[in-house]
Protein chains: 4
Amino acid sequence: MNERSFTFDLIMHSKRNLILRAAEKIIASGGIQGLSMQLVAKEAGVAAGTIYRYFKDKDDLILELRKDVLAQVASAILEDHHVGTLEQRFKRIWMKMHNYGKQPSPANLSYEQYAHLPESNTDEIRALEMKLFEPLHRLFEEGLAQGSIQPLHPRALYAVAMEPSMTMARAMRRGLIEYDEKDITLACDLCWRAIYIPTTPTN
Amino acid sequence: MNERSFTFDLIMHSKRNLILRAAEKIIASGGIQGLSMQLVAKEAGVAAGTIYRYFKDKDDLILELRKDVLAQVASAILEDHHVGTLEQRFKRIWMKMHNYGKQPSPANLSYEQYAHLPESNTDEIRALEMKLFEPLHRLFEEGLAQGSIQPLHPRALYAVAMEPSMTMARAMRRGLIEYDEKDITLACDLCWRAIYIPTTPTN
Amino acid sequence: MNERSFTFDLIMHSKRNLILRAAEKIIASGGIQGLSMQLVAKEAGVAAGTIYRYFKDKDDLILELRKDVLAQVASAILEDHHVGTLEQRFKRIWMKMHNYGKQPSPANLSYEQYAHLPESNTDEIRALEMKLFEPLHRLFEEGLAQGSIQPLHPRALYAVAMEPSMTMARAMRRGLIEYDEKDITLACDLCWRAIYIPTTPTN
Amino acid sequence: MNERSFTFDLIMHSKRNLILRAAEKIIASGGIQGLSMQLVAKEAGVAAGTIYRYFKDKDDLILELRKDVLAQVASAILEDHHVGTLEQRFKRIWMKMHNYGKQPSPANLSYEQYAHLPESNTDEIRALEMKLFEPLHRLFEEGLAQGSIQPLHPRALYAVAMEPSMTMARAMRRGLIEYDEKDITLACDLCWRAIYIPTTPTN
DNA sequence: GATGAATGAGAGTTCATTCAT
DNA sequence: TATGAATGAACTCTCATTCAT
């Protein structure tokens, strides 16, 4: 049964994955509006009916894709997140986020399509987000605990210091502007200093 | 011709506006996905065919609404933008943006639906954005000229110092968190200090 | 407004009727299973979408058709129902029902498709049935009141004395058997005598 | 070959039967419309493809089920059909039919789904019907031969005297009415007297 | 024999758009 | 100008049937 299960899982996973990747690609280029089940089927090289073996309906496909992409983003951004000082860790995440957000990959392009859907920021997504980005959350908590980060809610710290990374990446990707290495480094540093509280030597 | 034109314009404008407001409301509550021409017609109290007298097609309606909403946002945010010191002007805009972004008005709710549409960030929208937010742009340029603001492209300055205002507003509106007055003031101040360069006394 | 309403009603009614007749015809020849909205549209000579202006969905179309056909049957059967003695009235209805049930008209053929649908014998249909066949019901009630009909619930009287009329008609229509006039008259008479109580002369 | 054949037949028959019972149950609760091959497979605990080993296609499954159910009904109704006088035999069948028709068993509920399908009253079904209900047919023939039953075709006799039994049973099952024992007995007796010719003593 | 994943035609339904009034 | 009935292409989803395992 092991052998069979294993093969089964591989096939299962591969076809499911095929469909997710196809949907991701379509959303990346045409937005959620452009996502039709026929198109996904065609892009994935399966029959339309097959999609429904792996996903309950279109909404379910979108939800699962969202979770999948969220995991991709998190894993890309949080690589090596625990190495170094607080500042090093923060800046590494900032830069990885920036570099990830800059590229026009399907995963990244589709990512920003989900964020602003009304009604669809379900608890399930939020809980997953919480779980996946826990290291970032913890980084802020640590800083708060040792008094080296401004006393704000982690989400506010994220808004002030991290969101600019994505915003700038998006602007670059869209060709609104071109930054050189120096500018990025400066922006990253400014973000860090915005929330950092230098320990004042007593004397 | 004047008299007739005037009346005509009024009617024209009122009906066109009726349609835009209806579309705005629908997008605010159901997203762009939920926008159907029949629904707009019903909400606006006109016949479906009438919409096509004022807008070429659905895409045109959305584009025009986008421009309309952008103007609303700009005017709400940039009120009194030229009064006071650089810091006062910056903080006034930051707070207005935050307060505007917090409220669940149709204009605001529909606003974020447009931002991330692929393919549709046309030059036309960008040019309009440029024009409408010119005061903010000028504020940064002034600071750069007098050396009191970090040497970054205005768009980067916006990303670092302004975007957090909207991000926090959105989080509040969605009930992800609650900030009190003090937190907002602190966040606003941190954003300002992130890009501000204090003038060093010469001695 | 009268003029317009009138025209409107005519058009409204004519198109709605066109669709009902098309559906009736299709059900008559292929059963409810064979009823597809595309087919109805084609048969009625309208676009598929048009059906949805007049009927909420397929179920609604079927329900409305059912009501329509029920009314047709009732009016055909109950013509002149109040003329003559109890026996004459009973036998007239019996014969009309028989003659109606014999013919392979779309209305009649589709009629028997609805009767045995599970779950769909809604209160609405039952109430309509009650109302439309009220004269028959009253005929039984009269006979019961004057003691000239067997003391059974009207529905039982219907089952015993009327249903055979339809059953025989169906058998003829399906070519299972051929009756001549004499047989029908005999069967009709037997049905009447089955529920009739002769008034016994006192002496 | 005998031994193997026997086992084979048992298995064959048991699986085939499993499928028929599953289909019967599904039709009983959801009508023929609700019958899908995947549902039958699930209910029967076999794979979808397996059904096609025992039945050519869906139509064949329905046809075979129809025959199966017809046999069930006939055997339930005609039990002990040859015991007693003509009247006793008739009334026994009438009552059995009534009692069978009253119960909401899968077999009975699915039975009435087939009766009114157009196109499908095939000669095969008719021949089987003829064969299965032959005892009832013979009962009528006997009565006709000895002049104690009205001179009508057996099918007409069935319509006049037997069909009411089923019609009343259906009405009870559907909750349209409640009869007590006395009413049923009366109805049964009326049906019998409707076709019975008392032998007139000569002088 | 038995499985059940895969197929794809076809179902019901929606909706942007047109056009006679 | 304004209407809204009508259109029909395109949508999501189901399901009878097949076939490699």
Side-chain angles (χ1 to χ4, degrees), chain A residues 4 7-8 11-12 15-16 19 33-42 44-61, chain B residues 8 11-12 15 33-42 44-62, chain C residues 4 7-8 11-12 14-16 19 33-42 44-62, chain D residues 8 11-12 15 33-42 44-62:
Chain A
R4 237 194 96 203
T7 314
F8 174 79
I11 292 169
M12 178 78 178
K15 202 147 252 180
R16 196 186 120 101
I19 293 167
Q33 314 245 35
L35 187 80
S36 96
M37 299 305 261
Q38 303 287 346
L39 214 54
V40 172
K42 200 174 168 187
V46 302
T50 302
I51 301 175
Y52 292 85
R53 287 202 72 72
Y54 299 95
F55 304 95
K56 192 181 155 292
D57 54 20
K58 196 185 181 183
D59 282 348
D60 186 43
L61 170 59
Chain B
F8 172 80
I11 292 170
M12 176 77 179
K15 210 153 241 182
Q33 315 247 30
L35 188 79
S36 93
M37 297 304 263
Q38 345 253 331
L39 212 55
V40 172
K42 198 175 168 189
V46 302
T50 303
I51 300 175
Y52 290 82
R53 294 230 152 261
Y54 299 94
F55 305 93
K56 187 179 159 292
D57 57 19
K58 197 185 180 184
D59 282 347
D60 185 43
L61 169 59
I62 291 174
Chain C
R4 237 195 95 202
T7 314
F8 174 79
I11 292 170
M12 178 77 178
S14 93
K15 201 145 254 180
R16 195 187 122 100
I19 293 167
Q33 314 244 34
L35 186 79
S36 95
M37 299 304 262
Q38 303 287 343
L39 215 53
V40 172
K42 201 174 167 186
V46 301
T50 302
I51 301 175
Y52 291 85
R53 287 203 73 71
Y54 299 95
F55 304 95
K56 191 181 156 294
D57 54 20
K58 195 185 182 185
D59 282 348
D60 186 43
L61 170 59
I62 291 174
Chain D
F8 171 80
I11 292 169
M12 177 76 178
K15 208 153 243 183
Q33 315 247 30
L35 187 79
S36 94
M37 299 302 263
Q38 344 255 330
L39 211 55
V40 172
K42 198 175 167 187
V46 303
T50 304
I51 300 175
Y52 290 83
R53 294 230 153 261
Y54 300 94
F55 305 93
K56 188 178 157 292
D57 55 20
K58 195 184 181 184
D59 283 347
D60 185 44
L61 169 59
I62 291 174

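First the proteins, then the strands, lettered A, B, ... as listed; each starts at 1. Model, not experiment: these values are computed from the prediction.
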- Do the side-chain N or O atoms of D:Y54 get closer than 4.0 angstrom to the phosphate oxygens (OP1, OP2) of E:dA2? yes
- From the list F:dT12, F:dT17, E:dT3, which nucleotide is the closest neighbour of the side chain of D:A47? E:dT3
- Across the strands shown, which category fits A:T50 at heavy-atom distances under 4.0 angstrom: base, sugar-phosphate, nothing? base
- Query: For the pair made of CG in A:L61 and C1' in F:dC11, what is the distance, rounded to whole Å?
  - Reply: 15 Å
- Message: Nearest whole Å is fine: how far is F:dG4 P from B:L39 CG?
- Response: 16 Å
- Item | Candidates E:dC15, E:dA2, E:dT17 - which lies nearest the side chain of B:D57 | E:dT17
- Task: Dot-bracket notation for DNA chain E is requested: 5' to 3', Watson-Crick or G-U wobble pairs only, both distances under 3.5 Å, with ( ), [ ], | and . as defined.
- Result: .||||||||||||||||||||
- Message: I want to check one thing: is the phosphate of E:dA2, taken as OP1 and OP2, less than 4.0 Å away from some side-chain N or O of D:K15?
- Response: yes
- Message: Using a heavy-atom cut-off of 4.0 Å across all strands, would you classify C:L35 as base, sugar-phosphate, or nothing?
- Response: sugar-phosphate
- Query: What are the two closest non-hydrogen atoms of B:L39 and B:G34, and how far apart are they?
  - Reply: CD2-O, 3.6 Å
- Whichever of C:M37 and B:Q33 has the more 5' nearest nucleotide on DNA chain E, that residue is C:M37
- Rounded to the nearest 0.5 Å, how far does CG of A:D60 lie from OH of A:Y54? 14.0 Å
- Message: Return whichever of C:G45 or A:D59 has its heavy-atom-nearest nucleotide of DNA chain F closer to the 5' end.
- Response: C:G45
- Task: Provide the closest heavy-atom pair for C:A47 versus C:A41 in the form atom of the first, atom of the second, distance.
- Result: C-CB, 3.9 Å
- Looking only at N and O atoms, is any donor in the side chain of B:Q38 or the base of E:dA16 less than 3.5 Å from an acceptor on the other one? yes
- Item | B:Y52 side-chain proximity, nearest of E:dA16, F:dA16, F:dC13 | E:dA16
- Note on the structure: Here the gap from D:I51 atom CD1 to D:K15 atom NZ, rounded to the nearest 0.5 Å, amounts to 11.5 Å
- Can you check whether D:K58 has a side-chain N or O nearer than 4.0 Å to OP1 or OP2 of F:dC15? no
- To the nearest 0.5 Å, what is the distance between OG1 (A:T50) and CE (A:M37)? 11.0 Å
- Message: Both D:A48 and A:A48 contact DNA chain F. Which one's nearest nucleotide lies toward the 5' end?
- Response: A:A48
- Any donor-acceptor pair under 3.5 Å linking the side chain of A:K58 with the backbone of A:L35? yes
- F:dA16 C1' sits how many Å from D:F55 CZ, rounded? 15 Å
- Message: Without decimals, in angstroms, what is the distance between C:I51 CD1 and E:dA11 C1'?
- Response: 13 Å
- To the nearest angstrom, how far is B:K42 atom NZ from E:dC15 atom C1'? 14 Å
